[in-house]
Every structure is written in C-alpha cells, then in structure tokens.
Amino acid sequence: MSWTEERIEKLRKLWGSGKTAAEIADELGGVTRNAVIGKANRLGLSTKTTTAAAAPKPKKKVVPAHRACQWPIGHPGEQDFHFCGDEAVPSKPYCLKHCNMAYQSKDNS
DNA sequence: CCCTGATTCGC
DNA sequence: GCGAATCAGG
C-alpha cells in the first residue's frame, strides 16, 4: 500500500477530527496504527517536538478563596430576590449557616 | 491489563 | 519513504 493523496487527505481529516491512529488505520484499511502514526509523523503532524519545546501559556488567574453564599433568598423573579451573599465555606456554594440547611440529611420534623 | 501517540530501527 | 518494533505515558 502506498500513501496516495487521498489516503493522506483522509489521514489528515480523521487525525484532525480527533480520531485515534487505530481508527484511522482501520478506516484507511491495509495499514496499522503504526503506519498511520509513522506517516503522520513524517508529514509533520503529531505534536511537533521540534522548535516548540515550551508552550508559553502563563495564564495566572486568581481564584477567590471564598465566594458569596448562593443561597436564594425570596422567590425567583421577585424584586427582592437575592442571594445570601455571606462568605461561603471553601469548596461549598453556601455559607456555614445555609450549608447546614442544604446538607440536612435527616431529622424529624 | 488495556489503550493512546512518539520515536527508533530495519527494509 | 515505508511500516513494524519499541518506547513512554494514561
């Protein structure tokens, strides 16, 4: 089997489509995933190792240590409908008070 | 253990 | 240039 333009085209399409080498190989037929990867590598695909050793993406985003309690106060759509706004506990959407309410597992009435 | 891609090696 | 074998990571 030789790599014709149509095969390379399909290779690129499938590869770019997120297909795995095994699926591309199966799709093309007559080739193994190694052949696909090998060809892809020769084409210059794969995740280029040359001239791009580092990917400079230093996105520093400060995350709030705490967030406002999202406990709804009042009725949705209501003018005075608002959220608690109190300091929520870490990793939880509610403040301590409402967190206890939200996670009320059992208890009688 | 299975899978993935990446690289290396012989043809 | 081709693909298998082999390497390395998940």
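Note on naming: letters A, B, ... go to the chains in the order of the sequence lines (proteins, then strands), and numbering restarts at 1 for each one. For the numbers below, each heavy atom of this structure counts, side chains included, while hydrogens, waters and symmetry mates do not.
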Grab the CD1-C1' distance between A:Ile37 and B:dA6 for me, whole Å please. 7 Å
Between NZ of A:Lys19 and CD1 of A:Ile24, what distance do you get to the nearest 0.5 Å? 8.5 Å
Using a 4.0 Å heavy-atom cut-off to protein, can you give one letter per nucleotide of nucleotides 1-8 of chain C, 5' to 3': B if the base is in contact, S if only the sugar-phosphate is, - if neither? -BBBBB--
Give the intermediate values and the outcome of side chain to side chain contact (heavy atoms under 4.5 Å, CB included) for residues A:Leu14 and A:Glu23. CA-CA 8 Å; A:Leu14 293 169; A:Glu23 289 191 278; over 6 Å; no
Rounded to the nearest 0.5 Å, what separation is found between the CG atom of A:Asn41 and the CG atom of A:Asn34? 12.0 Å
Can you find a pair of side-chain heavy atoms, one from A:Lys10 and one from A:Glu27, that are under 4.5 Å apart? yes
Distance from A:Glu6 atom CD to A:Lys13 atom NZ, nearest 0.5 Å? 11.5 Å
Counting only heavy atoms and a strict 4.0 angstrom limit, can you tell me which residues of residues 18-25 of chain A come near DNA chain B? A:Lys19, A:Thr20, A:Ala21, A:Ala22
Grouping I, L, V, M, F, W and Y whenever their side-chain heavy atoms are under 4.5 Å apart, do A:Met1 and A:Val36 come out in a common cluster? no
Could you pull out the closest heavy-atom pair between A:Val31 and A:Ala25, with the gap in Å? O-CB, 3.4 Å
Over all atoms of both residues, closest heavy-atom pair of A:Glu87 and A:Cys95: O-CB, 3.4 Å
